[in-house]
Each structure stands twice: as structure tokens, then as C-alpha cells.
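Notes follow the structure.
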Amino acid sequence: MADITVQNLTKYYGDRLILKDISFDIQPGEKVAILGANGTGKTTTINILSGYLQPRAGQCLIFGEDIRT
């Protein structure tokens with residue numbers, strides 16, 4: 001089982017689409033970097049994984065537990 005699983009993550013700020021249907025798994029012991037140009041959703045993704053923001057759609061599991069519960 002993956003330590004972190006993100007499935008179909010979507011986030012809007014107002015009517016502006018920030019993340020569209022993002023999915024990935026991070027396996028135990030795996031190191032991951034999130035890279036991209038300014039304004040591509042890197043910080044938004046981390047804030048959702050941290051529980052500071054709620055996605056409009058999708059699911060984030062950390063060690064098998066939904067972060068929204």
C-alpha cells in the first residue's frame with residue numbers, strides 16, 4: 001500500500017481551475033519532488049495534503065486514511 005495516494009484531485013479558486021484530475025501514489029521510502037513553473041498548483045497540492053485546503057473533487061489518503069476525516 002502507498003504511504004500517500006491522491007486520486008482525481010481537482011481544485012478551483014472561485015471559477016479559476018487550479019488542479020484538474022491529478023492522481024499519484026508515493027510508495028514507502030520513496031522521495032518525491034514537486035516541480036513546475038509559478039502558478040501551476042504546487043503549493044495548492046501541498047496545502048491540500050496538509051489539510052489546510054479542501055479539494056472540490058478527489059481523494060487524498062495518507063497511510064490509508066482520508067485526510068478529510
Side-chain angles (χ1 to χ4, degrees):
M1 178 192 330
D3 282 349
I4 298 174
T5 298
V6 173
Q7 298 174 334
N8 308 109
L9 194 65
T10 300
K11 176 68 177 172
Y12 284 83
Y13 287 123
D15 61 351
R16 185 172 175 217
L17 178 63
I18 304 300
L19 300 174
K20 181 181 178 186
D21 201 32
I22 303 297
S23 297
F24 60 88
D25 289 321
I26 301 175
Q27 300 299 326
E30 191 171 28
K31 293 179 174 60
V32 175
I34 300 176
L35 304 172
N38 291 342
T40 58
K42 300 176 303 290
T43 301
T44 298
T45 301
I46 296 300
N47 284 337
I48 290 171
L49 288 171
S50 300
Y52 293 117
L53 292 175
Q54 293 295 317
R56 177 176 284 183
Q59 184 177 38
C60 298
L61 304 173
I62 298 180
F63 301 116
E65 294 192 28
D66 194 323
I67 62 169
R68 292 187 277 184
T69 58

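Computed from a prediction, not measured in an experiment: that's the story for all the values here.
The cluster map of Ile, Leu, Val, Met, Phe, Trp and Tyr, joined by side-chain heavy atoms under 4.5 Å apart, puts Ile26 and Leu61 in different clusters. Met1 and Ile62 end up in different hydrophobic clusters when Ile, Leu, Val, Met, Phe, Trp and Tyr side chains are linked at under 4.5 Å. Leu17 and Ile48 are not part of a single hydrophobic cluster, where members link through side-chain heavy atoms under 4.5 Å apart. Cluster membership for Ile18 and Tyr52, using ILVMFWY side-chain heavy atoms within less than 4.5 angstrom, is not shared. With hydrophobic clusters built from ILVMFWY side chains whose heavy atoms lie under 4.5 angstrom apart, Val32 shares a cluster with Ile22.
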Apply the test side chain to side chain contact (heavy atoms under 4.5 Å, CB included) to residues Leu19 and Thr45: give CA-CA distance (whole Å), side-chain angles for both, the deciding distance (0.1 Å), then the verdict. CA-CA 8 Å; Leu19 300 174; Thr45 301; 3.5 Å; yes

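In this structure, SG on Cys60 lies 13.5 Å from CD on Glu65, to the nearest 0.5 angstrom. In this structure, CG on Asn47 lies 9.0 Å from CG on Leu49, to the nearest 0.5 angstrom.
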Residues 4-15, side-chain donor-acceptor partners within the protein, below 3.5 Å, at least two apart:
residue, atom, partner, partner atom, Å
Thr5, OG1, Asp25, OD1, 3.0
Asn8, ND2, Asp21, OD1, 2.6
Thr10, OG1, Asp21, N, 3.2
Lys11, NZ, Gln54, O, 3.0
Tyr13, OH, Thr44, OG1, 3.3

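In terms of heavy-atom proximity, Pro28 sits nearest to Ala2 at CD-CA, 4.4 Å.
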